[in-house]
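Working notes for the structure below.
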Amino acid sequence: MLADSILEGLNPEQSAAVQTTEGPVLVLAGAGSGKTRVLTQRIAWLVGVQGIAPESILAVTFTNKAAGEMRERVEKLLGEDAKAIWLTTFHAGCVRILRRDIGHLGFSRGFVIYDEADTLGVIKDALQRHGLSPKTTDPRRLRWRIDQWKNAGVTPAGAAESAYDFEAERAAEIFATYQRLLADAGALDFNDLLLKTVELFERFPEVLGYYQRRWQYVLVDEYQDTNRVQYRLVQMLAAGHRNICVVGDPDQSVYGWRGADIRNILDFEKDYPDTKIVTLERNYRSTQPILDGASGVVENNLSRRRKRLFTEKEGGEKIIIFQARDDREEASYVIRDILNHVRGQGRAHGDCAIFYRTNAQSRVFEEELLKYDVPYVVVGGVRFYDRAEVKDALAYLRLVVNPADSAALRRIVNKPARGIGKTTFERAEQICAERGVTLLEGLRLFGETDAGSRAAPKIRRFLDMHARLRDELLRATPARAMARVLDESGYLAALEKENNPEAETRLENLRELLSAAEDFTRANAEIQDERGELELFLDQVALVSDLDSYDRRDDQVSMMTIHSAKGLEYPIVYLVGLEEGVFPHASSSRDDDGLEEERRLCYVGMTRAKERLTITTAAERMRFGSRTYGIPSRFIEEIPSEVTLREGGPTRARPTPVSESTDPAYDYSYAQDDPGESGGVSPGLRVRHPHFGPGVVLAVKGSGPAQKLKVNFERAGVKTLILKYANLEIG
DNA sequence: TCTGTAGGCGTTTTT
DNA sequence: CGCCTACAGA
């Protein structure tokens with residue numbers, strides 16, 4: 001019977017969470033306690049046993065990846081029926097709602113979604129309109145401030161009202177201008193996607209009513225990460241039937257800086273006094289020492305609901321704590337430990353993961369991995385869709401879909417160089433501001449008023465091209481539109497003309513983008529939507545992250561920030577850089593709230609490990625290009641000493657100059673150093689790397705033992721290598 | 001208007 | 001250290 005198979009293998013608490021379908025339910029799920037399993041089985045139970053129509057279920061997650069994985073698992077249980085379930089991220093779900101109903105708010109349904117770079121441009125524009133320079137007012141700080149307001153659901157008017165000093169008043173004014181400029185461009189930023197949906201529901205009860213009736217059951221994953229706007233959204237949707245099930249872990253709330261409000265989960269019972277609470281404390285992932293260590297750390301947080309994870313697993317290795325002299329020794333220790341496990345213990349590279357606090361820390365590890373020729377993948381950091389050429393191509397498409405998109409226009413108006421430079425464009429901006437027309441229209445007006453000027457014919461040609469592309473491509477497939485736009489604009493030709501390895505890399509990225517567009521068409525062949533496929537494609541790329549495309553492979557070590565690691569697990573985990581200032585990060589150590597969030601982050605990192613956890617710290621570290629000295633993180637002391645095993649540390653010789661090192665890695669480097677010359681390596685030389693394959697040297701930096709190369713590999717793209725470690729063959 | 005270079009600055013984490 | 005911006009020169 002289906003009911004039995006759904007409940008099979010669940011413990012009593014999980015089983016209760018699955019079967020309690022009516023009324024508010026709060027599932028407090030500790031790390032590794034099978035929370036995703038509960039969510040998927042619960043959906044299966046609703047449909048397969050209770051006979052609930054799939055289309056009346058809404059399940060919301062934070063990442064596309066989580067949504068995708070959940071959908072996969074639900075489809076396995078329910079087959080075709082699963083397709084009608086709304087299983088989506090907050091942002092993607094809101095886009096879907098707004099594309100249908102934003103017209104009520106006087107917004108075009110053809111709105112574009114602005115990313116970080118786009119919004120920064122809008123902030124700068126707003127500053128300018130207030131007669132302020134980006135030099136005196138830091139645009140990033142201002143945007144951060146505006147984001148904080150928006151996270152909390154504060155409007156420009158509200159911000160102005162609560163302004164307590166001149167600076168806040170001015171920030172509130174710029175906030176208002178920023179929103180106006182977005183509206184003029186037909187654009188919404190990430191926060192607007194949520195805010196506009198809330199506004200829509202508040203102002204148009206009949207619209208809210210439609211969705212309330214539609215979704216009889218609402219499920220929310222990672223509830224501890226919701227901000228006040230998301231909270232409000234969920235509350236409104238569940239107001240009628242109150243069949244709301246939220247799953248989360250207050251100890252894993254690590255997005256406070258992005259507006260997540262831990263009160264949402266802590267106060268859930270107050271919002272719904274008849275809440276059924278299910279606590280999942282049995283851990284299916286880690287060994288007891290790892291759980292004890294992680295609990296030991298997080299128990300230092302004062303504002304915390306008591307919870308104690310346990311496992312039935314017997315024994316387990318202690319947590320290893322390694323104290324390194326410097327960041328390089330830290331990295332080489334980790335890499336060699338990985339190699340020991342791979343070569344000596346039959347482990348796969350893919351069993352191992354390295355987690356750090358900030359992306360910048362990945363560099364040293366990458367260099368060491370290259371040195372020892374260990375295959376790896378870095379998750380996060382620069383996103384594919386953040387690369388300049390990819391954004392340029394997409395900007396052309398955006399401008400086709402929405403001619404008001406000023407950020408897109410700003411981006412590509414003179415790419416490739418077509419004689420519409422800074423001065424010309426500034427005039428267009430001025431006209432746009434004075435007359436309240438779109439930027440493109442401002443450009444047109446300028447060309448007409450100054451018909452005799454040098455720029456006029458160039459403007460006309462650009463506008464003609466745009467009009468032509470718009471006529472031709474509005475209903476085209478994304479791949480066709482992309483190919484056409486790159487060709488017609490001369491973008492591709494200009495890149496090909498450059499004829500150097502860097503341009504080749506960029507062309508390669510554009511080819512990849514093109515195939516992503518083709519994939520999109522293939523994947524959405526059956527989806528019928530009144531909106532053009534091109535628009536749907538642009539929606540998707542606006543909301544994907546690098547993490548979404550990460551697929552764990554057996555043959556690669558994974559590296560990522562702890563934030564990115566949330567929700568993942570590995571047999572062997574290295575948590576690195578545990579020094580005061582690095583982790584906990586200096587800018588979060590000011591107040592108790594920040595520190596407690598760092599501590600939860602540490603807990604998240606530690607609980608990713610299934611069997612073996614190594615924590616490392618370094619006495620010296622290169623930061624901002626100069627040597628800095630650190631002391632071990634307080635979190636290390638918070639791990640109960642019974643479950644730790646210390647290696648390295650102050651008992652060893654004091655820090656010695658590198659040349660006197662007994663570290664074989666260093667000795668090796670000096671043995672290799674003698675040939676003196678770098679073997680006559682110079683840009684343009686074709687080389688072969690044992691792991692990356694053939695490539696061309698782009699640049700040579702420095703000299704002596706530290707000489708570095710920038711090499712463009714045919715398969716792997718541009719990498720910076722240390723010559724003496726890279727084992728390059730010439731030719 | 002475009003291109004190359006010198007200086008300044010930053011780094012927290014990201015849907 | 002590396003990226004981005006501002007600025008100078010052609």
Side-chain angles (χ1 to χ4, degrees), chain A residues 60-67 88-95 113 115-117 120 124 133-135 138-141 144 147 150-151 189-194 221-222 225-227 229-230 253-260 327 355-364 367 379-383 385-386 388 414-426 453-455 458 494 542-548 560-566 577 581-590 594 597-598 600-602 604-605 621-628 699 701-702 706 708 710 720:
Chain A
V60 194
T61 65
F62 274 81
T63 67
N64 298 302
K65 193 182 178 61
T88 180
T89 65
F90 271 104
H91 294 269
C94 285
V95 169
I113 302 164
D115 68 8
E116 300 254 294
L120 200 65
K124 284 177 185 167
S133 150
K135 276 182 195 160
D138 181 3
R140 283 164 196 280
R141 262 178 88 163
W144 187 83
D147 273 341
K150 296 180 83 160
N151 283 330
D189 66 17
F190 282 127
N191 270 324
D192 282 336
L193 298 176
L194 309 171
D221 191 15
E222 305 276 18
D225 287 335
T226 50
N227 66 24
V229 182
Q230 288 157 334
S253 164
V254 291
Y255 284 103
W257 53 275
R258 216 172 61 190
D327 47 353
F355 303 148
Y356 33 75
R357 178 66 238 269
T358 66
N359 279 305
Q361 287 165 257
S362 70
R363 172 165 275 113
V364 196
E367 287 172 2
V379 184
V382 257
R383 292 189 324 167
Y385 288 101
D386 278 341
N414 205 30
K415 262 182 215 161
R418 50 171 73 88
I420 307 175
K422 205 172 154 200
T423 5
T424 308
F425 201 67
E426 273 172 5
S453 76
R454 199 161 44 148
K458 293 166 178 170
L543 297 174
V544 298
S545 77
D546 187 71
L547 188 63
D548 297 330
M560 66 195 85
T561 64
I562 308 165
H563 282 90
S564 295
K566 189 145 167 263
V582 178
F583 190 26
H585 198 274
S587 39
S588 303
S589 311
R590 298 265 156 107
E597 181 155 313
E598 294 287 304
R600 291 191 293 269
L601 193 57
C602 186
V604 167
R621 175 180 300 280
M622 290 296 279
R623 289 182 86 192
F624 297 108
S626 54
R627 193 166 289 279
T628 58
K701 276 187 285 189
K708 287 186 193 171
K710 225 177 200 160
T720 304

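Residue numbers begin at 1 in each chain, while the letters A, B, ... track the order of the sequences.
- Taking the side-chain hydrogen bond (donor to acceptor under 3.5 Å, both in side chains) definition, one finds that Thr61(A) meets it with nothing, sequence neighbours left out.
- Protein atom CD of Glu116(A) is 11 Å distant from nucleotide atom P of dT13(B), rounded to whole Å.
- Projected onto DNA chain B by closest heavy-atom contact, Gln230(A) and Lys422(A) fall at different nucleotides, the more 5' of which corresponds to Lys422(A).
- Contact between His91(A) and Leu193(A) at its shortest, heavy atoms only, is ND1-CD1, 4.2 Å.
- The backbone N or O of Trp144(A) lies less than 3.5 Å from no partner atom in the side chain of Asp147(A), so there is not a single donor-acceptor pair.
- At a threshold of 4.0 angstrom between heavy atoms, the contacts of Ser626(A) with the nucleic acid are absent.
- The side-chain hydrogen bond (donor to acceptor under 3.5 Å, both in side chains) check on Gln230(A) picks up nothing, with sequence neighbours excluded.
- With sequence neighbours left out, the ring pair (Phe, Tyr, Trp, His ring centres under 6.0 Å) criterion links Tyr385(A) to no other residue.
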Mind listing the N/O atom pairs, protein and nucleotides 6-10 of chain C, below 3.5 Å?
none

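- With sequence neighbours left out, the ring pair (Phe, Tyr, Trp, His ring centres under 6.0 Å) criterion links His563(A) to Tyr255(A), Trp257(A).
- When heavy atoms are screened at a 4.0 angstrom cut-off, Asn414(A) is found touching the sugar-phosphate backbone but no base atom.
- The CG atom of Asp327(A) sits 12 Å away from the C1' atom of dC1(C) (whole-angstrom rounding).
- Heavy-atom minimum distance, Phe355(A) versus Ile562(A): CB-CG1, 4.0 Å.
- Atom CD of Gln361(A) and atom P of dC1(C) are 18 Å apart (whole Å).
- The distance between atom OH of Tyr255(A) and atom C1' of dT14(B), rounded to the nearest whole Å, is 6 Å.
- What separates CD of Glu222(A) from P of dT13(B) is a distance of 19 Å, to the nearest Å.
- Taking both residues in full, the closest heavy atoms of Asn227(A) and Arg258(A) are given as ND2-O, 4.5 Å, listed atom of the first, atom of the second, then distance.
- Nucleotides dC4(C) and dT13(B), compared at atom P, are 15 Å apart to the nearest Å.
- Computed from coordinates, the Ile562(A) CD1 to dT13(B) C1' distance equals 9 Å when rounded to whole Å.
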Shorter than 3.5 Å, N or O on both sides, protein versus nucleotides 7-12 of chain B: list them out with atom names.
from    : atom 1 : to        : atom 2 : distance (Å)
dT12(B) : O4'    : His585(A) : NE2    : 3.3
dT12(B) : O2     : Arg357(A) : NH1    : 2.5
dT12(B) : O2     : Arg357(A) : NH2    : 2.2
dT12(B) : N3     : Ser588(A) : OG     : 3.1

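- As a whole-Å value, the separation of Leu120(A) CG from dC4(C) P is 12 Å.
- Distance, Met622(A) CE to dG2(C) C1': 12 Å, rounded to whole Å.
- When the nearest nucleotides of DNA chain B are assigned to Thr89(A) and Thr424(A) by heavy-atom distance, the more 5′-ward of the two goes with Thr424(A).
- Residue Ser564(A) places no side-chain N or O under 4.0 Å from the OP1 or OP2 atom of dT13(B).
- Taking all atoms of both residues into account, the shortest heavy-atom contact from Met622(A) to Asp327(A) is N-OD2, 3.2 Å.
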